[in-house]
Amino acid sequence: MASIKTGLMGTLLLASSLSGAQSQSYSTRGGMVVSDSKTASDVGAEILRKGGNAVDAAVATGLALAVTFPSAGNIGGGGFMVVRMADGETVAIDYREMAPGKAFREMYLDESEDVIPGKSTVGRWAAGVPGTVAGFWEAHQRYGSLPWKDVVEPAVRIAADGYVVSAGRASVLRSRADRFKPFADSYRVFCRDGDFYEAGERLKQPELAATLSRIRDQGRDGFYKGETARLFAEDAKKHGGPFTIADFDNYVAKVRTPLKGTYKGYYIVTMPPPSSGGAALIQMLNMLEVRPTGRYGPSSPLYVNRLVEVMKRAFADRAAHMGDPDYNDLPVDNIIDKGYAAELAAGISVFATPSSEIKAGVFPPKEGRNTTHYSVVDSAGNAVSNTYTLNTGYGALVIAEGTGVLLNNEMDDFTSKPGVANTYGLIQGEANSIAPGKRPLSSMTPTIVVKDGSLFMVTGSPGGPTIINTVLHSILNVVEHDMTIQEAVAFPRFHHQWMPDSVEWGPGALSKETRETMALLGQETYPTEYGLGSCHAILIGPNGRRWAGVDPRVSSSGASGSD
Ligand code: DON
């Protein structure tokens with residue numbers, strides 16, 4: 001067992017391996033923040049103690065993660081936030097990156113119309129216009145209770161004073177040196193120009209601190225206008241990249257109505273497109289309502305098989321139909337329709353249906369591997385579920401000169417070419433093709449579960465397409481398998497995304513016996529060394545106590561409470 005200090009709140013025990021779930025959990029009566037970085041959770045808890053609400057704490061935690069968890073925490077990327085206030089009001093904030101004005105449909109293809117390897121994943125051309133600062137600003141403008149300056153200040157402080165590099169981070173930074181090297185600012189900040197950080201040293205980010213100070217003092221304009229926007233545009237001009245001042249000026253976070261579904265009396269509040277996650281989650285839960293799994297154990301072949309069949313069907317629709325709702329008329333209502341789920345579920349048998357035989361639904365036209373998730377609940381019962389990302393670890397690997405800001409490589413989430421898999425092996429469709437101003441399709445699934453009108457669970461995860469299934473597992477583990485929230489997030493996971501037609505299973509997820517039975521049922525399986533996601537969740541107990549689900553797959557993760 002490893003132990004993580006939770007400050008005022010004592011010690012949280014975490015399993016050091018993924019082979020078994022364990023039930024030890026941290027709980028509090030006040031507010032709580034659970035994230036991939038204990039330091040960032042502490043920042044959020046400090047804001048709650050100062051009288052801030054869940055949204056204030058979510059913004060402060062997100063900005064702190066941009067400093068302390070640089071592989072995924074960001075202000076150079078984007079994401080999605082689902083908020084549920086204590087009075088039941090819900091909102092989804094879409095701060096997904098946007099294709100820059102110079103983007104075009106075939107921008108990642110060569111003359112033979114083949115995808116150019118790496119162009120959508122590394123370097124300045126891989127980046128979409130960042131949305132994080134606009135999203136946090138929008139959330140704070142709507143619901144924040146403390147002054148903006150107070151919630152930004154902790155991140156400025158940690159960037160300027162530095163944070164202590166862990167052994168894990170030191171080794172990851174060293175191992176990525178060759179990839180950072182072509183990008184001068186990244187190599188200087190993360191690899192100290194070859195004089196690598198050792199565990200225990202402080203990593204300071206003065207340019208990032210300066211950018212964060214402008215955000216603190218000028219709000220969203222401190223990022224999208226003036227000095228910061230100018231630095232991004234100049235960086236693009238000097239080193240070759242798409243960004244212009246107009247791209248930053250044009251960026252807006254979009255406030256959307258959350259997608260809502262039900263599962264056996266639980267009320268699911270989740271992210272609508274341009275994430276596919278919420279729709280797929282509701283679609284899968286709908287199928288499982290018709291074809292219940294309750295009597296199967298969470299690792300049994302029949303349970304795994306049932307979930308895999310459900311996953312294949314949802315991901316087939318994702319591939320065919322999903323994209324930016326502002327550029328496509330998406331059949332979301334059809335996809336989350338309970339009648340449609342019943343039709344799909346009727347086709348599920350105990351034997352595998354090959355993915356090649358699973359076709360996306362045909363609907364009538366309608367009339368007219370790095371991300372980070374954190375969950376926050378305050379003492380009044382306001383809740384925030386936030387997943388944001390640079391896409392893969394450290395995004396495009398480029399820090400735009402003088403900004404200290406790592407750029408995302410979210411453009412790879414678009415369809416570079418129909419039928420050709422992206423980094424996550426996802427085959428995607430026309431609805432997700434590239435166009436200036438458009439947002440790439442996502443799988444991020446920040447979700448809030450309500451029971452009997454009261455907040456029940458806040459959940460979400462990183463993991464590319466595996467996110468959707470990780471969120472599904474987290475809900476089913478609690479609702480169907482009576483696990484504690486800590487057991488639910490730690491429990492081994494498996495994933496199917498329609499294509500490739502194979503079940504990916506994380507450490508401990510499928511025993512040899514289960515795999516053999518699965519093979520007899522026609523399911524191909526393959527192991528992954530990754531645990532599949534990092535799910536940080538909060539469950540509200542019957543007496544209102546908040547219980548932390550801290551995913552042990554990320555060693556720096558932790559929960560903090562406000563009382
Ligand atoms: O939006 C998406 O679906 C991806 N860009 C998320 C990437 C991700 O989760 C990587 N994390 N491990």
Side-chain angles (χ1 to χ4, degrees), residues 35-37 65 69-74 76-82 92-99 120-122 126-132 135 172 270-281 314-315 318-319 322-325 369-374 385-397 406-416 421-428 431-432 434 438-447 459-471 493 495 497 504 506 528-536 551 553-554 556-557:
S35 84
D36 268 325
S37 158
L65 279 159
F69 198 73
S71 58
N74 68 81
F80 303 110
M81 181 184 285
V82 173
I93 299 178
D94 160 11
Y95 59 96
R96 183 70 161 163
E97 299 89 333
M98 179 181 91
S120 65
T121 52
V122 178
V129 183
T132 298
V172 167
T270 185
M271 197 64 213
S275 181
S276 60
L281 175 69
F315 273 84
R318 180 197 191 279
M322 295 298 228
D324 185 340
R369 222 158 248 206
N370 210 301
T371 301
T372 188
H373 172 85
Y374 57 94
S385 182
N386 190 87
T387 315
Y388 75 151
T389 188
L390 292 165
N391 194 22
T392 56
Y394 302 91
L397 303 174
L406 258 177
L407 293 176
N408 66 84
N409 58 353
E410 221 73 63
M411 293 294 284
D412 188 65
D413 276 351
F414 277 120
T415 309
S416 288
N422 76 352
T423 283
Y424 301 105
L426 286 171
I427 312 281
Q428 312 194 83
N432 190 31
I434 306 172
K438 193 171 171 184
R439 298 176 188 216
L441 183 61
S442 173
S443 300
M444 291 186 277
T445 315
T447 297
T459 183
S461 177
T466 70
I467 292 172
I468 308 173
N469 295 329
T470 291
V471 172
R493 296 192 267 264
H495 167 77
Q497 60 181 46
E504 184 179 10
T528 171
E529 60 187 280
Y530 303 110
L532 299 178
S534 171
C535 181
H536 298 305
D551 199 319
R553 291 165 179 81
V554 171
S556 60
S557 60

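Note that ligands are numbered from 1 as they come in the structure, with each ligand's atoms numbered from 1 the same way. Remember, predicted model here, so these are calculated numbers, not experimental data. Numbers for residues simply follow the sequence, beginning at 1.
Residue nearest to atom 4 (C) of ligand 1, selected from Asp412, Leu441, Asp413: Asp413 (by heavy-atom distance).
Ring geometry for His495 against Phe315 counts as perpendicular: the plane angle is over 60°, on a 0 to 90° scale with 30° as the lower cut.
Contacts between Arg96 and ligand 1 below 4.0 angstrom, taking non-hydrogen atoms only, involve the side chain exclusively. Contacts of Ile467 with ligand 1, taken as heavy-atom pairs under 4.0 Å, involve the side chain alone.
Here Ser534 pairs with Asp36, Pro462, His536, Asp551, Val554 under the side-chain contact (heavy atoms from CB on, under 4.5 Å) rule; sequence neighbours left out. Partners of Thr415 according to the side-chain contact (heavy atoms from CB on, under 4.5 Å) rule, which considers only residues two or more places apart in sequence or in another chain, are Pro418, Gln428, Asn432.
Listed by number with element, the atoms of ligand 1 under 4.0 Å from a non-hydrogen atom of Gly463 are 8 (C), 9 (O), 11 (N), 12 (N).
Looking at ligand 1, you'll find an N or O of Ser443 within less than 3.5 Å of one of its N or O atoms. No N or O atom of Thr389 sits closer than 3.5 Å to an N or O atom of ligand 1.
With Tyr424 as the partner, the side-chain hydrogen bond (donor to acceptor under 3.5 Å, both in side chains) test is satisfied by one option alone out of Asp413, Asp412, Asn391, Thr466: Asn391.
Side-chain contact of Asn409 with Thr121: a donor-acceptor pair under 3.5 Å is absent, judged by distance alone.
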